[in-house]
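Data block below; observations after.
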Amino acid sequence: MRLSQYFLPILRDDPKEAEIVSHRLMLRAGMLRQSSAGIYSWLPLGYKVLNKIETIVREEQNRAGALELLMPTIQPAELWRESKRYEAYGKEMLRITDRHERDMLYGPTNEEMITEIFRAGVKSYKELPRILYHIQWKFRDEVRPRFGVMRGREFLMKDSYSFDLTKDDSVKSYNKMFVSYLRTFARMGLQAVPMRAETGPIGGDLSHEFIILAETGESAVFCHKDLVEMTAPPRDVDYSGDLTPYVRQRTELYAATEDVHEPERFEKEVPEDKRLSARGIEVGQVFYFGTKYSEPMNAKVQGPNGELVPVEMGSYGIGVSRLVGAIIEAHHDDAGIVWPQAVAPFDAGLINLKSGDSATDSACEQIYERLTHAGLDILYDDRDDRAGAKFTTMDLIGLPWQIIVGPKGLAAGEIEVKNRATGQKSNLSLDAACQLVAGAVAEAKEDA
RNA sequence: CGGGGCAUGGCGCAGUCUGGUAGCGCACCUGCUUUGGGAGCAGGGGGUCGCAAGUUCGAAUCUUGCUGCCCCGACCA
């Protein structure tokens, strides 16, 4: 993509409403535009990132055996009356009346709807287990939205729902999602730590929140330091096999958010030099809730003995739009965003320091062509602008690599390649520069 | 929902106290000079001053009501 043809409304000054760094940087980098409180338009650069995150989530869900479907944003109140949540949910639920005076709502979550879909389609234990998921926009009318996409009212979320005959089977489904989450977040360059979580108003007794550590995190968290250094399960992890070792490894060490933190246990179970108190952002949650919905909504299957039993369920959420903010919170510096390769809006930026100069123009065209043919997505700053402005813009939007082509370098047969994360610069021939970037990008994508 | 604050061009702000018909920086357009870490000069374009009533010869400015947005707290993916 040539920057001269792109839509990238960069802001030089910080918008005053943006308090935390991810919100500020998303606005400044032209990723996002606020429509009203907690509701945003995603501009091209931001939307690319959102889509990349969504794709990773989808790929890892599919690998774990979950099946994608799509439920509507608008739901009938009827369903929610069945589960008794229509009254219970309160003002966070956006209620709508259609032209026929029917009570509708903009879905804040989908347990009722998926349970309805499941009960209509599955009657036998032979069709279990199943994990169904969708990635859809949701709306929760937060009293006080804040922190940009981290706590919006409208947000994109992946939620999965598991259906099993027994609690033991349900725990297996839980573990599949647990492992899938470890891989999902790791692929985005995040070290997510599963922590014991409150089961909250949804009820149930087995739940973990996946937390990434960040200074600006919304809640205090406490965990064993070793948890932060664990590597994710491998790409070819066998989801049909026994996943308990992965889960046990993460859950036998102390990890809790402030809501469920037990200081005495923390001190007793974790040696002093391994205690970590930090702040964290919740990016996902896994949740077993048994028959909480299947019972009242009559989602039953016939077991082997012919008896009708309510299905055991769990739900598993990932805040897709929140992740954009969370990743920035974890990956930025004073100059701007520092994207992990896997979610970067473009693989690399190409800077022409003197647009209109035939030597730099043709060198840039060559590089652009070559890397594009190699499958890289390049943002080429071909605008007629000052060098300094181009450097600043490129640092702000945080593409992992910058390929810098100017007349001085070219005269010496050199092109500069800068790594955004490390700041390391190398002066290379055109060939070597292309190889370095193409190679590094390919390597970073290997785990995909 | 309690407490506080702010609404003036795309972004950041001044002007409001003391009423006289809107200004600055950045961004944008044109030209010239510049050109390796947000250049200089000159000339331009863009705003029903959040909305509605009221006071007044005259309202961004005073009065009343409303709305929106932000921050702290309680709540939440």
Classify the nucleic acid contact of [X] as base, sugar-phosphate or nothing, counting any heavy atom under 4.0 Å across all strands shown.
| X | value |
| --- | --- |
| A:G317 | nothing |
| A:G388 | sugar-phosphate |
| A:K91 | sugar-phosphate |
| A:G409 | base |
| A:G38 | nothing |
| A:K418 | base |
| A:S36 | sugar-phosphate |

With rounding to the closest Å, how many angstrom separate the C1' atoms on B:G20 and B:U61?
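Looking at atom C1' only, B:G20 and B:U61 are 11 Å apart.
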Worked verdict on A:R2 versus A:E365 for salt bridge (charged side-chain N to carboxylate O under 4.0 Å, His left out):
CA-CA 10 Å; A:R2 286 160 206 276; A:E365 290 298 335; 2.9 Å; yes
Between A:S294 and A:V311, which heavy-atom pair has the shortest distance, and what is it?
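Taking A:S294 first and A:V311 second, the nearest heavy atoms are OG-O, 2.6 Å.
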Distance under 6.0 Å and angle within 45° of the ring axis: does A:K48 meet both against A:F346?
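Ring-cation test returns yes.
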On the ring face of A:Y161, is A:R130 found with NZ or CZ under 6.0 Å from the centre and within 45° of the axis?
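No, A:R130 and A:Y161 do not form such a contact.
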Within the pair A:R144 and B:C1, is there a side-chain N or O less than 4.0 Å away from OP1 or OP2?
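For B:C1, OP1/OP2 do not have a side-chain N/O of A:R144 under 4.0 Å.
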For B:C70, does either OP1 or OP2 sit under 4.0 Å from a side-chain N or O belonging to A:Q34?
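Yes, A:Q34 has a side-chain N/O under 4.0 Å of OP1/OP2 on B:C70.
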Which nucleotide, in any strand shown, forms a Watson-Crick or G-U wobble pair with B:G31, with both distances under 3.5 Å?
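B:G31 is paired, partner B:C41.
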Tell me whether the centres of the aromatic rings in A:H224 and A:Y254 are closer together than 6.0 Å.
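No, the ring centres sit 6.0 Å or more apart.
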Going by the side-chain hydrogen bond (donor to acceptor under 3.5 Å, both in side chains) test, name the single residue among A:Y316, A:Y174, A:Y288, A:Y181 that passes it with A:H208.
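Considering A:Y316, A:Y174, A:Y288, A:Y181, a side-chain hydrogen bond (donor to acceptor under 3.5 Å, both in side chains) with A:H208 is found only for A:Y174.
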By nearest heavy atom, map A:V283 and A:E414 onto RNA chain B; which one lands nearer the 5' end?
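Looking at RNA chain B, the more 5' nearest nucleotide goes with A:E414.
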So which one's nearest nucleotide on RNA chain B is more toward 5', A:K408 or A:R140?
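On the 5' side of the pair lies A:K408.
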Among residues 1-31 of chain A, which residues get a heavy atom nearer than 4.0 Å to RNA chain B?
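Within this stretch, A:L11, A:R12, A:D13, A:D14, A:P15, A:K16, A:E17, A:E19, A:R28 sit under 4.0 Å of the strand.
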